[in-house]
Amino acid sequence: MRRRMIFLSLLLLAQLGLAFGLKMERQDLGAFNGSGPLLAISEDTPDMLVFSGPDKAEIKLQKVDGQWQLPEHFGTPADQQKIADLLHRLTTIKRPWPTAAGDDVATRFKVSDTGYERQLQFFQGKKKLATLLLGSSPGFRKVHARIEGEKKIYDIPFSTYKVSLKADDWIDKRQLQVERGEISSINLPDCRIVRKDKTFQVEGLDNGEQTDRQKVDALVAKVTGLRILDVVDKPQQSLSGPVALNLSIDFVDGRRRSYQLRKGDHQDVLLQVSDRPYLYKVRSGLLTELQGYQRAQLVKMNPPSPPSTPDGGNSGAS
């Protein structure tokens, strides 16, 4: 009987200890409201974003005249849709139940004020709206997160790699692309491609010649769909030195854009266009491909007419 009383007393103490621990943990985590967003800002409010990582790596994105750009990377236009998608994703994450709280845990999960995988700062003008700290990953497509100034730590459905600290991951790589219908002609070193009735043709065909539609359409697609890799400079004037290829396009509104492609260091190909202030880096194969579009490759001979029969008809007629 005595042993039973001791066992029951110990069991009661254990239950009291567990209840006390749960109460302290709940007090430490505070009141929970999972109905609101983790970030209490609107996706349209910020006009500057500063993303930081280990080793003082940092990238800054700023909205100027309604358009995002990279002010510390020659002011080049940023990928508007990518930034809009990121802001929408981050501002619609619901505040989940806290995983833990406290400075020691923040250090272990890499979401402390001085040790983190990513620090995301959101500004409106000079006012800081919020700071989100991202740390280690507790599982697939999840990351530990903490709002600056709070103790609670959360597991949120997000991946740190979506917040790159490399400028070339944020630039608008489609900033030189144009719509096919905007172009009236493409001017190559040895011929001119003109649009007639929604199709492009080689101008000045001789008797027996016709446009190779497949090759001309491929050329038009490369010019209109040109993607850059990076912006490497903002020169004050055109570069000196040999030009590997000159070409230009005329727009239906009367504008002209000239392209100059040069070989750079380490097999790089550099591009300047007349209506933009930047020096672009493009893929190395583009120069070779564009150099291959010469008149001789864009024109083919008409197929021979079928021979005539003695009565004036074609031999193939039945």
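The CZ atom of R257 lies 13.5 Å from the CG atom of N187; values are rounded to the nearest 0.5 Å. The line from CZ of R89 to CG of D85 is 11.0 Å long, rounded to the nearest 0.5 Å. Atom-to-atom distance recorded for D265:CG and K263:NZ is 13.0 Å, nearest 0.5 angstrom. Residue D190 holds its CG atom at 8.0 Å from CG of L298, rounded to the nearest 0.5 Å. Taken to the nearest 0.5 Å, the CD1 atom of I147 stands 9.5 Å off from the CG atom of L120. Distance check, rounded to the nearest 0.5 Å: CG of L188 to CG of L245 gives 8.0 Å.
By the 4.5 Å heavy-atom criterion applied to side chains, F122 and T131 are not counted as neighbours. Contact check for K82 versus D169: side-chain heavy atoms found under the 4.5 Å cut-off. Within the 4.5 Å cutoff, no side-chain heavy atoms of K152 are placed close to those of P96. At a threshold of 4.5 Å between non-hydrogen side-chain atoms, the residues L38 and L132 count as touching. The shortest distance between side-chain heavy atoms of L271 and L176 falls below 4.5 Å. For the pair L239 and Q260, the minimum side-chain heavy-atom distance is 4.5 Å or more.
What you find for L61 and A78 is that their closest heavy atoms are CD2-CB, 4.4 Å. Here the closest heavy-atom approach between residue A244 and residue L287 is recorded as CB-CD2, 3.7 Å. The minimum heavy-atom distance between F109 and A100, with the atom names listed, is CE1-CB, 4.4 Å. In this structure, Q210 and P303 approach most closely via the heavy-atom pair NE2-CD, 3.5 Å. Considering every non-hydrogen atom in both Q272 and P235, the closest pair reads NE2-CG, 3.5 Å. Considering all non-hydrogen atoms of both residues, Y116 and P54 come closest at O-CG, 3.8 Å.
Residue pairs meeting the salt bridge (Lys or Arg N to Asp or Glu O under 4.0 Å) criterion with at least one partner in residues 205-216, sequence neighbours excluded, are E209-R295. Every pair passing salt bridge (Lys or Arg N to Asp or Glu O under 4.0 Å) that includes a residue from residues 126-137 is listed here, sequence neighbours excluded: K128-E148. For residues 226-268, no pair satisfies ring-ring contact (aromatic ring centres under 6.0 Å, His included), with sequence neighbours left out. Under the ring-ring contact (aromatic ring centres under 6.0 Å, His included) criterion, the residue pairs touching residues 38-84 are F51-W170, with sequence neighbours excluded. For residues 58-76, the pairs satisfying salt bridge (Lys or Arg N to Asp or Glu O under 4.0 Å) are K60-E72, with sequence neighbours left out.
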What do the steps show when you test L229 against D268 for side chain to side chain contact (heavy atoms under 4.5 Å, CB included), and what is the final call?
-> CA-CA 10 Å; L229 297 178; D268 290 345; over 6 Å; no

Tell me, with the steps shown, if L219 and L290 meet side chain to side chain contact (heavy atoms under 4.5 Å, CB included).
-> CA-CA 7 Å; L219 166 64; L290 290 176; 4.1 Å; yes

Hey, mind stepping through D172 and T76 against side chain to side chain contact (heavy atoms under 4.5 Å, CB included) and telling me if it holds?
-> CA-CA 8 Å; D172 179 7; T76 185; over 6 Å; no

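A donor-acceptor pair under 3.5 Å is formed between the side chain of Q177 and the backbone N or O of G225. Not a single donor-acceptor pair under 3.5 Å links the side chain of S159 to the backbone N or O of K162. The backbone N or O of I41 lies less than 3.5 Å from no partner atom in the side chain of T91, so there is not a single donor-acceptor pair. In this structure, the side chain of R255 does not engage the main chain of D275 through any donor-acceptor pair within 3.5 Å.
Remark: S258 engages S248, R256, S274 in a side chain to side chain contact (heavy atoms under 4.5 Å, CB included) (not counting sequence neighbours). With sequence neighbours excluded, the residues forming a side chain to side chain contact (heavy atoms under 4.5 Å, CB included) with A57 are L165, listed by chain and number. Considering only residues two or more places apart in sequence or on other chains, R195 meets the salt bridge (Lys or Arg N to Asp or Glu O under 4.0 Å) condition with none of them. Shown here are the side chain to side chain contact (heavy atoms under 4.5 Å, CB included) partners of D217, two or more places apart in sequence or in another chain: R180.
Heavy-atom neighbours of R174 CZ from other residues, nucleotides or ligands within 6.0 Å: at or below the threshold of 12. Within a 6.0 Å sphere centred on CG of D103, heavy atoms belonging to other residues, nucleotides or ligands number 12 at most. Counted within 6.0 Å of CG on D253, heavy atoms from surrounding residues, nucleotides or ligands total more than 12; the atom is thus considered enclosed.
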May I have the list of side-chain donor-acceptor pairs in residues 196-205 shorter than 3.5 Å, sequence neighbours left out?
from : atom 1 : to   : atom 2 : distance (Å)
T199 : OG1    : K196 : O      : 2.9
E203 : OE2    : R192 : NH1    : 3.2

Please report, to 0.1 Å, the donor-acceptor pairs under 3.5 Å made by any side chain of residues 137-146, with sequence neighbours excluded.
from : atom 1 : to   : atom 2 : distance (Å)
S137 : OG     : G139 : N      : 3.4
S137 : OG     : G139 : O      : 2.7
S137 : OG     : K142 : O      : 2.8
H144 : ND1    : S136 : O      : 3.2
H144 : ND1    : S136 : OG     : 2.8
H144 : NE2    : D155 : OD1    : 3.3
R146 : NE     : V111 : O      : 2.7
R146 : NH1    : E150 : O      : 2.8
R146 : NH2    : V111 : O      : 3.0
R146 : NH2    : D113 : OD1    : 2.7

Pairs under 3.5 angstrom only: tabulate donor-acceptor contacts from the side chains of residues 277-286 to other protein residues two or more places apart or in another chain.
from : atom 1 : to   : atom 2 : distance (Å)
Y278 : OH     : G75  : O      : 3.1
Y280 : OH     : Q175 : OE1    : 3.0
R283 : NH1    : E289 : OE2    : 3.1
R283 : NH2    : E289 : OE1    : 2.7

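Note: the hydrophobic cluster containing I93 also contains L86 (ILVMFWY, side chain heavy atoms under 4.5 Å, direct or indirect links). L70 and V232 are not part of a single hydrophobic cluster, where members link through side-chain heavy atoms under 4.5 Å apart. One hydrophobic cluster holds both I249 and L226 under the rule that ILVMFWY side chains link at heavy-atom gaps under 4.5 Å. A continuous path of hydrophobic side-chain contacts links V273 to L261 [ILVMFWY only; heavy atoms under 4.5 Å]. By the criterion of side-chain heavy atoms lying less than 4.5 angstrom apart, applied directly or through intervening Ile, Leu, Val, Met, Phe, Trp or Tyr residues, F123 is not grouped with I59; the two fall into different hydrophobic clusters.
Side-chain atoms of Q119 and Q121 form a donor-acceptor pair, as typed in the model, at a separation below 3.5 Å.
Salt bridge annotation for D168-K173: absent, with no cationic side-chain nitrogen under 4.0 angstrom from a carboxylate oxygen.
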